[in-house]
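Working notes, beginning with the structure itself.
Because the structure is predicted, anything quoted here is derived from the model rather than measured. Values below: every heavy atom of this structure, side chains too, minus hydrogens, waters and symmetry copies. In this chain, numbering begins with 1 at the start of the sequence shown.
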Amino acid sequence: MSLTNPILCLFEITDPNLIVTGISKERCSTNQRIHVVHATLSYQLLKCPHCGHKSLIKNGTHMSHLRLGTLSGGRYEMHLKRQRYQCKDCSKTCGAKTKLVNRNETFTHNIKHQVIVLARDMLTSKEIAKLCGISPSSVQRILNANIHLAYRVKHLPCPSSISDD
């Protein structure tokens, strides 16, 4: 869908293949209210990513639950129906992909960026978790994945290369 959709604009989602089908409010196990954006991801694949043949057929959908972050204290999620495809030639399946999240992850890139920005402001993991609507261990996982350690020398220089001054 285009950027004229105000819901997608609000979360800075630019994927043209996403179609918002509705919005609802639900309660999670902690009795917290969650705003759920229901969307569909579908596009036409031209050839099989496994074998390269042009014999793909649509094969149902797969539901993904994505965390979008928080706005004005409310938690937002997206229930995304991804189109599945099956190749008639090799019988393997594949699914529609989006740049909104990495493969096999539920946190969008926006929420990860929000965690990193809050960490730069010297907030604790618990405070960041409360602001983003995720757990403190998820905050630590996101931060550890984005730490770039300084280059360290594995071996000390040998004594013969050290000059005496």
Side-chain angles (χ1 to χ4, degrees), residues 1-46 48-50 56-87 92-150:
M1 180 142 219
S2 67
L3 285 177
T4 58
N5 189 324
I7 297 165
L8 297 179
C9 288
L10 193 61
F11 291 104
E12 298 175 359
I13 299 172
T14 59
D15 194 338
N17 300 314
L18 274 175
I19 300 170
V20 175
T21 57
I23 300 173
S24 64
K25 292 182 182 179
E26 297 178 2
R27 292 209 181 260
C28 67
S29 59
T30 60
N31 210 15
Q32 182 183 11
R33 182 176 281 172
I34 302 172
H35 303 274
V36 180
V37 177
H38 300 278
T40 305
L41 177 68
S42 181
Y43 53 86
Q44 186 61 41
L45 279 178
L46 299 177
C48 176
H50 304 287
L56 286 174
I57 57 172
K58 290 186 176 182
N59 189 25
T61 58
H62 173 75
M63 180 67 77
S64 298
H65 301 277
L66 309 177
R67 294 277 186 97
L68 294 174
T70 57
L71 291 173
S72 66
R75 182 172 143 188
Y76 287 81
E77 289 186 1
M78 179 181 282
H79 290 184
L80 182 63
K81 284 186 179 178
R82 297 178 187 220
Q83 183 66 53
R84 299 286 302 162
Y85 302 95
Q86 183 177 20
C87 180
K92 292 189 179 180
T93 60
C94 59
K97 296 177 184 166
T98 180
K99 292 183 179 181
L100 189 59
V101 292
N102 292 335
R103 187 174 179 207
N104 296 329
E105 291 186 4
T106 59
F107 296 133
T108 59
H109 297 298
N110 290 344
I111 199 165
K112 291 179 181 181
H113 180 69
Q114 187 179 8
V115 166
I116 293 168
V117 167
L118 290 172
R120 287 183 184 150
D121 292 337
M122 303 301 290
L123 296 175
T124 65
S125 294
K126 285 186 179 182
E127 291 170 340
I128 295 171
K130 189 173 182 180
L131 290 172
C132 293
I134 60 177
S135 69
S137 59
S138 294
V139 171
Q140 285 299 317
R141 258 194 322 272
I142 292 169
L143 293 176
N144 289 340
N146 290 297
I147 289 177
H148 303 290
L149 297 176

key: Worked check of side chain to side chain contact (heavy atoms under 4.5 Å, CB included) between H79 and E26   = CA-CA 12 Å; H79 290 184; E26 297 178 2; 4.1 Å; yes
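- In this structure a side-chain-to-backbone donor-acceptor pair under 3.5 Å is missing from Q140 to S125.
- Annotation: the span from I116 atom CD1 to N146 atom CG amounts to 3.5 Å, rounded to 0.5 Å.
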inquiry  = Run the side chain to side chain donor-acceptor pair (under 3.5 Å) test on H65 and T106 for me, step by step, so that the C-alpha distance in whole Å, both residues' side-chain angles and the decisive distance to 0.1 Å come before the verdict.
reply    = CA-CA 6 Å; H65 301 277; T106 59; over 6 Å; no
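- Side-chain atoms of D15 come within 3.5 Å of backbone N or O of N17 as a donor-acceptor pair.
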key: CA sep, side-chain torsions, deciding dist, call: H50, C87, side chain to side chain contact (heavy atoms under 4.5 Å, CB included)   = CA-CA 9 Å; H50 304 287; C87 180; over 6 Å; no
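- The distance from atom OG of S42 to atom CG of L18, rounded to the nearest 0.5 Å, is 10.5 Å.
- Among residues at least two apart or in separate chains, ring-ring contact (aromatic ring centres under 6.0 Å, His included) pairs with a member in residues 8-31 are F11-Y76.
- Side chains of N144 and I147 form a contact here, defined as non-hydrogen atoms less than 4.5 Å apart.
- Here the side chains of T108 and K99 are not in contact, with every heavy-atom distance at 4.5 Å or above.
- Put simply, the side chain of I23 does not reach to within 4.5 Å of the side chain of V36, judged on heavy atoms.
- Q86 contributes atom CD, which lies 5.5 Å from atom CD1 of I57 (distance to the nearest 0.5 angstrom).
- Listed for the T40 side chain is no donor-acceptor partner under 3.5 Å among the backbone atoms of K81.
- Distance check, rounded to the nearest 0.5 Å: SG of C94 to CG of L56 gives 5.5 Å.
- Summarising the geometry of F107 relative to V101, their closest heavy-atom pair is O-CG1, 3.7 Å, with the distance given to 0.1 Å.
- Salt bridge absent: R103 and E105 never bring a charged side-chain N and a carboxylate O closer than 4.0 Å.
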query = Which is it for M78 and I13 under the side chain to side chain contact (heavy atoms under 4.5 Å, CB included) test, yes or no, and what are the steps along the way?
reply = CA-CA 12 Å; M78 179 181 282; I13 299 172; 3.9 Å; yes
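- Taken to the nearest 0.5 Å, the CZ atom of R84 stands 10.5 Å off from the CG atom of L45.
- Qualifying salt bridge (charged side-chain N to carboxylate O under 4.0 Å, His left out) partners for R82, counting only residues two or more places apart in sequence or in other chains: none.
- In this structure, T21 and A39 approach most closely via the heavy-atom pair OG1-N, 3.9 Å.
- With R67 contributing its side chain and G133 its backbone, the two residues share a donor-acceptor pair below 3.5 Å.
- Crowding of R27 atom CZ: a count of heavy atoms from other residues, nucleotides or ligands under 6.0 Å exceeding 12.
- Atom CE of M63 has more than 12 heavy atoms from other residues, nucleotides or ligands within 6.0 Å.
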Derivation of the side chain to side chain contact (heavy atoms under 4.5 Å, CB included) call for L131 and L118 = CA-CA 9 Å; L131 290 172; L118 290 172; 4.1 Å; yes
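- Atom NE2 of H113 and atom CD of E12 lie 8.5 Å apart (nearest 0.5 Å).
- Residues L68 and I111 form no side-chain contact, since every pair of their non-hydrogen atoms from C-beta on lies 4.5 Å or further apart.
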